[in-house]
Amino acid sequence: MRRSRAILTVLTAAAVTAGGFLTLTQAANAATTLGSAAAAKSRYFGTAVAAYKLTDSVYTGLLDTQFTMVTPENEMKWDATEPSQNTFSYTSADTIVARAKANGQRVRGHALAWHSQQPSWVASLSGTALRSAMVNHITNVATHYKGQLYAWDVVNEAFSDNGDGSRRSSNLQATGNDWIEVAFQTARAADPSAKLCYNDYNTDGVNAKSTAVYTMVKDFLARGVPIDCVGFQSHFNSASPLPSDYQANLQRFADLGVEVQITELDIAGSGTAQADSYSKVVAACLAVSKCTGISVWGIRDSDSWRASDTPLLFDASGNPKEAYNAVITAFGGTTTTSSPTTSSSPTTGTGACTATVANNSWTGGFVTTVTVKAGATAITSWKVALTLPTGSAVTSTWSATASGSSGALTFTNASYNGSLAAGASTSFGFQGTGTAFSGTPTCTVS
Ligand code: 9MR
């Protein structure tokens, strides 16, 4: 994959001046990733993943380096996991989960009960037979993934778009208004460790539909029906743009005591307008402390369910778009631009450096972002040494080269971020399984 200007701006110009001295001018922006930028703000950054694309190396390259959360796009839906009654099929979903686990990524399960993508046998059921089939389905699938998921979308899209706050009419709704709470109770019984979410679209701003969801969540909490989070799909286009009260809407749900998650983000468009909307989504999530993360609904535009809208962060070739850069920047990124420095002799890099770590950890994994800072003298290379806790292993590294994957490790600067002006900093990161390193690493220059 070509490194794009969008990720990294490196300008190095060296010239011998009339007086015979070397003039070195360098401005470097540290590269970072969606996952590490979000992790620095204690958020995850995820994507929908399609199992059949896992043989595409451009796709997996981006998946492995950019994202810290994974949602199977279709593989955990009812039609995929229970194609005929009481016969369960988990192969594709298991592949995604195992791969995510091996890469230290977490998984959002999607979706246990939904009016859409039901297997055909469900259509012939109604009443108590359908209700029992739903309970059996949730029990089996949630038990299969017990302890392995960060969250489950337990119920998806159960409210109508009529503008009157009513429930969507569906075969599940026809089994009785309590089908949603039964679904949540069943999921909790099967997997007590997964956060249980209600997920929907067109609930992103304050409107009749989101207010109906809000009222349901409030009622569930008051009556002790288990619910931990609300997912806001956030599929935006010109007909359904990012609402101006997006943050206020997230906040009112958070104020009920549930987590809020942006679960299926995509924004039709291109260029600066698209990038600005993405920035606003990130800013809204950062402003709401219970907003724990953002997932986009696919990696490249060509992976999108609505590819012609080019709604994602990477183009069809896998190059980062303006919106990608905007997301990193909105997270506060770790982009450091040192002003060009001119010296009358070659920069030799004899100064000292320091390194500090910031971790985003979860059970079984972590993302560590290391900030390397030059001391009072400019430097041209750096090495950071740290020892990972026993049993921990690095699964991927960005913006540095690691000496190995476990135990005592050194990370050497990449070609583009070794030179730092006096006092300037850059960052690199790594993701791993096990427990993160939490001390102060040693930084040396050579
Ligand atoms: O992206 C999914 C697409 O591949 C499927 O064909 C489609 C079928 O309904 O579902 C898409 O994902 C949907 C998600 O599961 C729920 N919210 C809306 C998403 C986009 O349609």
Side-chain angles (χ1 to χ4, degrees), residues 46-54 56 59 62-63 67 69-83 89 92-93 95-97 107-120 122-123 134 137-138 141-142 145 149-161 167-168 170-173 180 183 187 196-205 209-210 213 229-242 260-269 281 293-314 316:
T47 180
V49 165
Y52 74 92
K53 290 180 182 158
L54 293 172
D56 172 340
Y59 186 82
L62 292 170
L63 173 59
F67 298 96
M69 183 73 74
V70 159
T71 307
E73 186 171 359
N74 290 299
E75 293 77 354
M76 286 186 178
K77 291 171 180 174
W78 200 341
D79 60 348
T81 50
E82 195 182 0
S89 129
S92 298
T95 303
I96 294 176
V97 173
V107 179
R108 294 189 82 263
H110 173 85
L112 290 170
W114 188 23
H115 67 276
S116 183
Q117 277 180 280
Q118 296 179 349
S120 54
V122 171
M134 178 191 85
H137 176 73
I138 294 173
V141 179
Y145 291 107
L149 304 186
Y150 170 69
W152 259 118
D153 287 332
V154 178
V155 171
N156 196 35
E157 303 175 2
F159 283 82
S160 82
D161 294 299
R167 293 280 183 88
R168 173 191 297 278
S170 73
N171 57 350
L172 291 169
Q173 181 63 30
I180 299 181
L196 305 183
C197 303
Y198 176 79
N199 189 51
D200 215 329
Y201 67 91
N202 284 351
T203 49
D204 311 298
K209 188 172 175 182
S210 65
V213 175
C229 37
V230 176
F232 298 84
Q233 293 184 11
S234 305
H235 292 293
F236 298 127
N237 58 22
S238 54
S240 175
L242 172 66
V260 295
Q261 300 168 8
I262 295 162
T263 51
E264 303 181 16
L265 178 64
D266 52 18
I267 306 177
V281 170
I294 299 177
S295 297
V296 285
W297 206 240
I299 298 179
R300 301 161 300 194
D301 285 335
S302 48
D303 300 317
S304 172
W305 63 295
R306 43 181 192 158
S308 60
D309 286 346
T310 61
L312 295 172
L313 298 176
F314 295 89

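Atoms within each ligand, like the ligands themselves, are counted from 1 in listed order.
Close N/O approach between Trp114 and ligand 1 is not found [any backbone or side-chain N/O within under 3.5 Å]. The shortest N or O to N or O distance between Gln117 and ligand 1 is below 3.5 Å.
At distances below 3.5 Å, at least one donor-acceptor pair connects side-chain atoms of Arg168 with backbone N or O atoms of Glu157. Without hydrogens or angle criteria, Asp301 side chain to Leu312 main chain gives a donor-acceptor distance under 3.5 Å.
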Start with the C-alpha gap between Thr203 and Phe159, add the side-chain angles, then the distance that decides, and say whether side-chain contact (heavy atoms from CB on, under 4.5 Å) holds. CA-CA 9 Å; Thr203 49; Phe159 283 82; over 6 Å; no
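At a 4.0 Å heavy-atom cut-off, ligand 1 touches Trp297 through the side chain alone. At a 4.0 Å heavy-atom cut-off, ligand 1 does not touch Asn199 at all.
By heavy-atom distance, the residue among Glu73, Gln233, Lys77, Glu264 lying nearest atom 10 (O) of ligand 1 is Lys77.
Counting heavy atoms from C-beta outward, Ile294 and Met69 have side chains that stay 4.5 Å or more apart.
For Trp297 and His235, the side-chain atoms include no donor-acceptor pair closer than 3.5 Å.
Ranking the protein heavy atoms by distance from atom 21 (O) of ligand 1 puts Trp305 CE3, 3.2 Å first. Atom 16 (C) of ligand 1 has as its closest protein heavy atom Glu157 OE2, 3.2 Å. In this structure, atom 14 (C) of ligand 1 lies nearest to the protein heavy atom His110 NE2, 3.4 Å. The nearest protein atom to atom 4 (O) of ligand 1, hydrogens excluded, is given as Asn74 ND2, 2.9 Å; this is a heavy-atom distance.
Among the candidates Thr71, Asn156, Asn199, the single residue satisfying the side chain to side chain donor-acceptor pair (under 3.5 Å) test with Thr263 is Asn199.
The contact set between ligand 1 and His235, taken as ligand atoms under 4.0 Å from a residue heavy atom, comprises 18 (C), 19 (C). Shown in contact with Asn156 at under 4.0 Å from a heavy atom are these atoms of ligand 1, numbered in order with element: 16 (C).
With respect to Asp56 and Arg300, a salt bridge is recorded, a charged nitrogen being found less than 4.0 Å from a carboxylate O.
Aromatic ring orientation, Trp78 versus His137: parallel (interplanar angle below 30°, classes split at 30° and 60°).
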